[in-house]
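Notes to accompany the following structure.
Basis for what follows: all heavy atoms, side chains included, without hydrogens, waters or symmetry-related copies. No experiment lies behind these values; they were computed from the predicted model shown.
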Amino acid sequence: MHIATNPFVRLTGPDTANGRYYAISVHTTEPTLDGVMNVFGVHDDLYRKVDGKWYFEKTRYDFLYPVRRYQGPRI
């Protein structure tokens, strides 16, 4: 299960926006709570409106657990 939390979207122009949310991935078939959390990290997205509809222009996911994998400056 992929859980997205604390979404934040900011309009940067009439047809552009950026957003961030935190993500947690858990195994839902484990018999106990030990080892249930698989990964968590931060999603950063760029959005663009085309013909009145919003689309992802770019997305990235930096992992924070179990191994921190940072890709450089944020979007």
Side-chain angles (χ1 to χ4, degrees):
M1 178 183 295
H2 189 77
I3 304 163
T5 68
N6 302 72
F8 177 81
V9 175
R10 176 179 39 215
L11 294 173
T12 56
D15 298 323
T16 58
N18 60 31
R20 170 179 282 183
Y21 62 94
Y22 299 95
I24 302 168
S25 181
V26 296
H27 292 260
T28 58
T29 58
E30 301 297 326
T32 68
L33 292 178
D34 296 335
V36 167
M37 188 166 52
N38 185 11
V39 298
F40 68 84
V42 179
H43 276 273
D44 279 311
D45 301 317
L46 294 178
Y47 312 105
R48 181 168 301 278
K49 190 187 322 184
V50 178
D51 296 327
K53 294 182 182 179
W54 286 97
Y55 294 93
F56 287 98
E57 181 173 7
K58 183 176 181 181
T59 189
R60 94 180 232 180
Y61 188 27
D62 281 329
F63 293 95
L64 303 175
Y65 174 89
V67 176
R68 188 176 177 94
R69 214 175 295 151
Y70 175 65
Q71 301 177 37
R74 310 302 305 167
I75 290 177

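V42 and I3 fall within a single hydrophobic cluster, where Ile, Leu, Val, Met, Phe, Trp and Tyr side chains are chained together by heavy-atom contacts under 4.5 Å. Linking Ile, Leu, Val, Met, Phe, Trp and Tyr whenever their side-chain heavy atoms come within less than 4.5 Å puts V26 and F40 in one cluster.
Counting non-hydrogen atoms of neighbouring residues, nucleotides and ligands closer than 6.0 angstrom, the CZ atom of F63 exceeds 12 such neighbours.
Closest approach of Y55 to V50, counting heavy atoms only: CE1-O, 3.8 Å. Across A17 and T12, no two heavy atoms sit closer than the pair N-OG1, 3.5 Å.
The line from CD of E57 to OG1 of T59 is 11.5 Å long, rounded to the nearest 0.5 Å. With rounding to the nearest 0.5 Å, the separation of CZ in R60 from CG in L46 is 10.5 Å. From D45, atom CG reaches atom NZ of K58 across 11.0 Å, with rounding to the nearest 0.5 Å. Atom CZ of F8 and atom CG of N18 lie 7.5 Å apart (nearest 0.5 Å). Separation of atoms OH (Y21) and NE2 (H43) is listed at 3.5 Å; rounding is to 0.5 Å.
Aromatic pair F56/Y47: ring centres closer than 6.0 Å.
Between Y61 and H2, the ring planes are perpendicular. Angles over 60° get that label, and only those under 30° would be called parallel.
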